[in-house]
Amino acid sequence: MHGQAVVVGVGESEYYKHGRSPDTEFQLACTAIKNAAEDAGLELRQLDGLISYMDDRNSPLRIAAALGFDELSWSATPWAGGGNNSSATLQFADAAVCGGYANYVVGFRSLAQGQFYRLGAGTGVASGGGPPGLGWGLPYGLMTPAQECALHTKRWMHDHGVSQEALANISLACYANAQLNPRAVRYGQALTREDYHASRWIVEPFHLFDCCQENDGAAALIVTTPERAKDLPGKAVPILATAQGLGPEIGANAFQERWFPGMYYGNVGRMIWERAGVKPEDIDVLQLYENFTGPVVMALCEMGYCEPEEVEAFTGDGALEGPNARLPFNTSGGNLAEAYIHGLEMVVEAVRQSRGDSTCQVDDVNLSLAVGGPGYAPGSAVLFGPAS
Amino acid sequence: MTRYLGDEFLTPTLTEQNTPFFTSGRIQIQFCDDCDHAQQPPDDVCYSCQGTNLAFRATPGTGSVESAVLVHHPIHPALQERVPYVVVVVSVDGAPGCNVTGNVVGCPPESVEIGARVRAVFEEAKDPATGQDLLIPQWELVQD
């Protein structure tokens with residue numbers, strides 16, 4: 001169920017607050033891909049595959065031309081949603097190189113929300129865009145992913161007796177880990193539990209610090225076969241397993257009774273554990289996409305880390321903070337505190353952990369897992385083994 | 001009745017599939033005439049039997065609050081004076097498995113609790129594109 005593909009290069013642009021990038025979104029994409037090629041020891045012309053996600057505005061045709069690819073032989077995007085597809089880019093890359101359709105495939109994501117619109121501002125929905133299910137909420141002022149995820153989270157907390165502290169634990173872990181990461185947009189901005197509770201409500205139960213940032217920046221990863229990787233100078237990180245998918249009817253309506261409340265991550269968890277032959281407790285370090293903290297605690301439970309009634313204790317007492325945490329988690333600061341590059345920056349961090357390059361490096365990493373955004377389907381995950 | 005979020009607030013973009021819900025003055029849900037499966041939002045195919053004999057049926061217009069959140073951040077300029085407002089998910093009586101979204105009107109927003117019984121009321125508006133009359137479903141608490 002898994003190929004033998006490896007990640008041989010990662011690259012990023014600088015990460016900015018939204019609207020602060022001096023570069024266009026296309027320039028950011030090209031920068032991240034150039035940096036990834038340099039990291040891999042590849043010439044740009046050797047790259048021959050491109051994968052992004054969620055209606056990427058940076059066409060593979062334009063990138064291949066601008067970066068001087070000799071040939072583009074594979075391009076794809078997983079179906080839309082949002083950061084749910086971050087890890088799926090690696091599955092497509094794995095499939096492409098293991099199937100022999102391309103040699104060096106790039107997964108990338110670039111966002112310049114100053115140049116374009118802010119996802120969280122509801123702009124797309126107000127102009128008639130956005131997911132069809134969300135359009136039904138428009139006359140009711142239900143226009144943003146935060147509001148949609150809040151409706152799930154509120155009911156889930158109600159059903160399982162989960163307090164606000166569980167959500168706070170996620171936010172505090174991301175901010176604590178970002179203080180070790182100079183690339184993080186929130187570096188130097190430590191967050192206390194008091195700050196968290198004092199921050200304004202966006203939509204209950206989400207305070208400001210329960211919500212991801214919106215940022216400008218780009219990230220890229222390059223995937224190839226182990227045979228080709230032998231000729232490259234750097235470390236190769238094996239893709240042990242990937243998952244992408246959804247259960248029956250999940251895609252139809254965010255609020256239908258069958259899946260309400262929930263984040264639809266049971267399927268993704270089952271696929272990744274079965275394909276890799278491992279259990280949640282075997283994972284050495286976890287990057288779990290946070291659009292908002294609520295979906296994170298729900299996804300932890302759905303993927304089998306703990307029961308909902310246990311999630312406050314499971315995440316509490318610093319259990320997710322720092323390299324020596326009980327469960328090292330979102331070690332770069334994640335979407336909340338490093339940067340929101342639609343979660344692809346978290347896949348880059350998962351590779352860094354396997355290579356031993358993180359600013360919050362966990363000892364002896366054998367299994368490094370990156371999970372795409374809970375809250376939207378189809379979800380995705382990718383599991384990396386130790387670098388060689 | 002005047003609109004909960006103001007008469008100037010955004011109206012739904014009418015489509016063939018949402019017109020019954022937003023114009024009829026009833027809680028209209030799509031059912032499959034072959035297998036009686038109910039689905040929301042409507043689609044071109046029945047998700048239970050894959051048939052295409054689909055039609056809208058009026059439900060009794062009552063339901064239960066499945067979730068309720070207070071929105072504090074005004075996402076649209078017209079909402080500056082309206083926050084905090086309450087957004088709910090309501091399970092529709094007579095349409096198994098179907099949840100719809102809305103506001104609960106006529107009460108303090110913080111008083112809406114999960115499990116509350118509600119009944120439909122309708123806001124009058126006009127579709128700015130066509131001038132068509134809209135009756136936008138909303139909900140009010142049913143007093144015990």
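Lettering follows sequence order; numbering is per chain, from 1.
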If you apply the rule side-chain contact (heavy atoms from CB on, under 4.5 Å), what do you find for A:Gln256 with B:Gln40, and how did you get there? CA-CA 8 Å; A:Gln256 66 188 324; B:Gln40 169 63 24; over 6 Å; no
Greater than 12 external heavy atoms within 6.0 Å of B:Gln132's CD: yes
How long is the span from the NE2 atom in B:His73 to the OG1 atom in A:Thr144, to the nearest 0.5 Å? 8.0 Å
Side-chain heavy-atom pair A:Leu138, B:Pro12 within 4.5 angstrom cut-off: no
Measuring heavy-atom distances to chain A, does B:Val88 have an atom under 4.5 Å in its side chain, in its backbone, in both, or in neither? backbone
For B:Glu81, is the CD atom crowded, meaning more than 12 foreign heavy atoms sit under 6.0 Å from it? no
For the residue pair A:Arg200 and B:His72, establish whether any side-chain heavy-atom pair is separated by less than 4.5 Å. no
NE2/B:His76 to CE/A:Met143 distance, rounded to the nearest 0.5 angstrom? 5.5 Å
Residue, of B:Asn18, B:Val83, B:Thr11, B:Thr15, that accumulates the most heavy atom pairs under 4.5 Å with chain A: B:Asn18
Let me know if B:Arg82 has heavy atoms under 4.5 Å from chain A in its side chain, its backbone, both or neither. neither
Heavy-atom pairs under 4.5 Å with chain B - which of A:Glu257, A:His152, A:Gln147 has more of them than the others? A:Glu257
Honestly, the part of A:Phe260 sitting under 4.5 Å from a heavy atom of chain B is side chain
I need the minimum non-hydrogen distance between B:Thr101 and A:Tyr140, along with the two atoms involved. O-CE1, 3.2 Å
Turns out that what part of B:Gln17 lies under 4.5 Å from chain A's heavy atoms comes down to backbone
Are the side chains of B:Leu70 and A:Val203 in touch, meaning some heavy atoms are under 4.5 Å apart? no
Region of B:Phe9 in contact with chain A, defined by heavy-atom distances below 4.5 Å: side chain
Measuring only between side-chain heavy atoms, which start at C-beta, is B:Ile136 closer than 4.5 Å to A:Pro139? yes
Side chains of A:His158 and B:Ile114 in contact at under 4.5 Å (non-hydrogen atoms): yes
Centroid-centroid under 6.0 Å between B:Phe22 and A:Trp136 rings: yes
Could you check if a side-chain atom of B:Pro84 sits within less than 4.5 angstrom of a side-chain atom of A:Trp201, using non-hydrogen atoms only? no
Closest non-hydrogen atoms of A:Lys154 and B:Ala68, given as atom of the first, atom of the second and distance, are NZ-O, 2.8 Å
